[in-house]
Number of protein chains: 2
Amino acid sequence: MVKSDIGTEKVILEAAKRVFHERGLAGARMQQIADEAGINKALLHYYFRNKEQLFKAVFTDAFAQVIPQINEIFDADQPLLDKIRTFAVRYTTLLMENHYLPGFIIQEINNNPNFAAEYLTPERRPNPQKLLSQIREEVEAGRIRPVEPLQLVVNLLGLCLFPFIAAEMIRHVTGMSKAQYQRFLAERQKHIPEFVINAITP
Amino acid sequence: MVKSDIGTEKVILEAAKRVFHERGLAGARMQQIADEAGINKALLHYYFRNKEQLFKAVFTDAFAQVIPQINEIFDADQPLLDKIRTFAVRYTTLLMENHYLPGFIIQEINNNPNFAAEYLTPERRPNPQKLLSQIREEVEAGRIRPVEPLQLVVNLLGLCLFPFIAAEMIRHVTGMSKAQYQRFLAERQKHIPEFVINAITP
DNA sequence: GTCTATAGCCAGATAGAC
DNA sequence: GTCTATCTGGCTATAGAC
C-alpha cells in the first residue's frame, strides 16, 4: 500500500457504473471504463480481478440504491392512501436521480434470468407483504373498492417505473426535450397518486 | 438459384429473433443463431451479409409486429372508454404471444438511443394523436375527470407493458410459476380497463 | 499503485470446395 | 445453396518494468 488510494477504486466504480448502466454487461467495454476513469485497463484488473467481478460490484450497488428505499416505504406505518402518495413522490424522486437504474436492472435480469435469484437474496429483495395485507384489509373493510392486491401493487410500480424504462421511446414519439421530459416526470408525482386513489376509492 | 430455398431465410430469421430477443444485439452470438437454425455460420452471412444487417431485419420485424396494431386501436372510431377496454385486451393478447418484444425493443433503444430515430420513421411510429384529442374532448365535455391526456396515455401503456418488461423480476419476487404468471397477465385484461375507467370516471 | 506491452482467446467474417 | 477451414480484429486478461 504505497499510495493506498481509496480514491482510485471509487473512481473506477463510478466510471463502471456509467458505462454498464448505459451499455449493459454484454455491451460494455473495459477500455471505455478505463478511459472514463482516466486510468488504464490494467488497473481495472488490479482492483477488480475481471469484468465479471466489476459488473457484480455495479449490479449489487444498483440494488442497494433502490431496494432498501422501496422496502422502507412498503413497510412504513402509514395509512394506505398516504403510503401511495409517499411512494409515488419518493420513488419518482429517487429514479430521477438514478434514471438509468430501472432499465439497467431489468435488462440484465431479462438477459440472464438467474441473476434474479443470485442478487435478490431473501434479505435484500423487494418485500411488499405488509403493503399487500394492508390493501387486503382496506378491501375487506370496504374502505376501497374490491381489487386484487397484487394487481394494485404492480400497477403502482408500473406507473412509476414505466416512464423511466421507456424514456427514450416516449421522448422520441412525443418530441419532448430532456428538460420537458423532466417536467413531465415531476408532474407524475402528483398525477400518479391522484390517478390510483381515484381508481380505488368507492 | 439451384435450390432456391425461401425456407432457409425464414428459418434463419426465426432463429435470429429468438436469440436477439433473449440476449440483445451485444449479447447475441452468430454461432448460437446458426445452431438454433440448424445450419452453419457461413450461411448466415450468405443470406444476411453481417450481424448488423441480420439484427436490422429482426428489429424492424419487432416494430412491424407491434406498431400497426397499436395505431389501429389508437385510431379506431370508438368511444374512449370502449377504446381503453379494447386496447388492454388486444394489446395484452398481442404481448402474451410475443412476450420478449417489449423488453427487447426498449433495451436496444436505451443502449443505442439513435435507433429510435432510425427505426421509428414518420410513417411507422406509434401515433396517439387521435386518442389524445379524444381524451381532451371528454375532459372538456366533463364526461371524465380532468386529466392531462399524455399522462393518461402513458399510464395505459405502462399498465399494459410493465408486467411484460419486468416479468422475470415480478415472478421471482412473488414466487409465481410461469403458468401462474400467465393467469396473472390474463386477469389484467379485465383489471386494467376497470382500474383506468374507475380512475377517470367522475 | 500505476503504467506499457503483449499474450491468448473468441467472435465475426471470408475463401473456396462441393 | 451449403459446407469446412481459416483469417482477422477486437477484447479480456496478464507480465513485468517503474
Side-chain angles (χ1 to χ4, degrees), chain A residues 1-61 104 107-108 110-112 114-115 118, chain B residues 1-62 104 107-108 111-112 114-115 118:
Chain A
M1 280 217 278
V2 180
K3 281 200 215 157
S4 181
D5 245 22
I6 192 79
T8 304
E9 185 167 339
K10 180 84 174 164
V11 166
I12 291 173
L13 196 62
E14 290 304 313
K17 277 157 76 169
R18 285 196 297 277
V19 176
F20 278 124
H21 289 174
E22 205 172 312
R23 306 230 188 264
L25 171 55
R29 293 293 168 257
M30 295 296 268
Q31 183 63 60
Q32 189 186 350
I33 296 172
D35 292 347
E36 295 237 354
I39 51 125
N40 63 330
K41 276 192 296 178
L43 260 197
L44 299 183
H45 291 87
Y46 177 81
Y47 280 94
F48 301 83
R49 214 177 132 66
N50 56 33
K51 188 181 180 182
E52 194 187 333
Q53 295 301 313
L54 182 50
F55 173 78
K56 212 169 212 165
V58 171
F59 204 47
T60 303
D61 178 276
F104 171 61
Q107 165 169 344
E108 297 309 329
N110 282 343
N111 290 173
N112 205 331
N114 59 314
F115 278 2
E118 273 174 48
Chain B
M1 282 217 278
V2 180
K3 282 200 220 159
S4 182
D5 242 22
I6 194 78
T8 303
E9 184 166 339
K10 180 84 175 164
V11 167
I12 292 174
L13 196 62
E14 290 304 313
K17 276 157 77 169
R18 287 196 296 277
V19 176
F20 277 124
H21 290 174
E22 204 172 313
R23 306 231 189 264
L25 171 55
R29 293 293 167 259
M30 296 295 268
Q31 183 62 61
Q32 190 186 350
I33 295 171
D35 292 347
E36 296 237 355
I39 50 123
N40 63 329
K41 275 193 296 177
L43 214 45
L44 297 183
H45 291 86
Y46 177 81
Y47 280 94
F48 302 82
R49 217 178 130 65
N50 55 34
K51 188 181 182 184
E52 195 189 333
Q53 295 301 313
L54 183 50
F55 173 79
K56 210 168 213 166
V58 171
F59 204 47
T60 302
D61 178 276
F104 171 61
Q107 165 170 343
E108 298 309 329
N111 290 173
N112 204 329
N114 59 314
F115 278 2
E118 273 174 48

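Not measured: the values here are computed from a predicted model.
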Mind listing the side-chain donor-acceptor pairs of residues 53-60 of chain A below 3.5 Å, one per line with the distance, residues two or more places apart or on another chain?
from, atom 1, to, atom 2, distance (Å)
T60(A), OG1, K56(A), O, 2.7

OP1, OP2 of [N] versus side-chain N and O of [X]: anything below 4.0 Å?
X: N40(A); N: dC3(C); result: yes
X: Y46(A); N: dC3(C); result: no
X: T8(A); N: dT2(C); result: yes

Atom [atom1] of [X] to atom [atom2] of [N]: distance rounded to whole Å?
X: D35(B); N: dC10(C); atom1: CG; atom2: P; answer: 15 Å
X: L44(B); N: dC3(D); atom1: CG; atom2: C1'; answer: 13 Å
X: L43(A); N: dA15(D); atom1: CG; atom2: P; answer: 16 Å
X: Q53(B); N: dT14(C); atom1: CD; atom2: C1'; answer: 17 Å

With side-chain hydrogen bond (donor to acceptor under 3.5 Å, both in side chains) as the test, would you mind laying out the steps for N112(B) and E108(B) before giving the verdict? CA-CA 6 Å; N112(B) 204 329; E108(B) 298 309 329; over 6 Å; no
Using a cut-off of under 3.5 Å, enumerate the N/O to N/O pairs linking the protein to nucleotides 9-14 of chain D.
from, atom 1, to, atom 2, distance (Å)
dT12(D), OP1, K51(A), NZ, 3.3
dT12(D), OP2, M30(A), N, 3.2
dA13(D), OP2, H45(A), NE2, 3.3
dA13(D), OP2, K51(A), N, 2.7

Using modelled atom types only, decide if a donor and an acceptor are shared between the side chain of K51(B) and the backbone of H45(B) within a distance under 3.5 Å.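 Not at all, since once roles are kept as given, no pair shorter than 3.5 Å links the two residues.
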Checking the side chain of N111(A) only, and the main-chain atoms of G24(B) only, is there a donor and an acceptor separated by less than 3.5 Å? no
Is the closest side-chain heavy-atom distance between Q32(B) and R23(B) below 4.5 Å?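 In contact.
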I'd like a table of donor-acceptor pairs (distance under 3.5 Å, sequence neighbours excluded) in which one partner is a side-chain atom from residues 33-41 of chain A, with atom names and distances.
from, atom 1, to, atom 2, distance (Å)
D35(A), OD1, Q31(A), NE2, 3.0
E36(A), OE1, R18(A), NE, 2.9
E36(A), OE1, R18(A), NH2, 3.4

Please classify the nucleic acid contact of I39(A) as base, sugar-phosphate, or nothing, using heavy-atom distances under 4.0 Å.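 It contacts sugar-phosphate atoms only.
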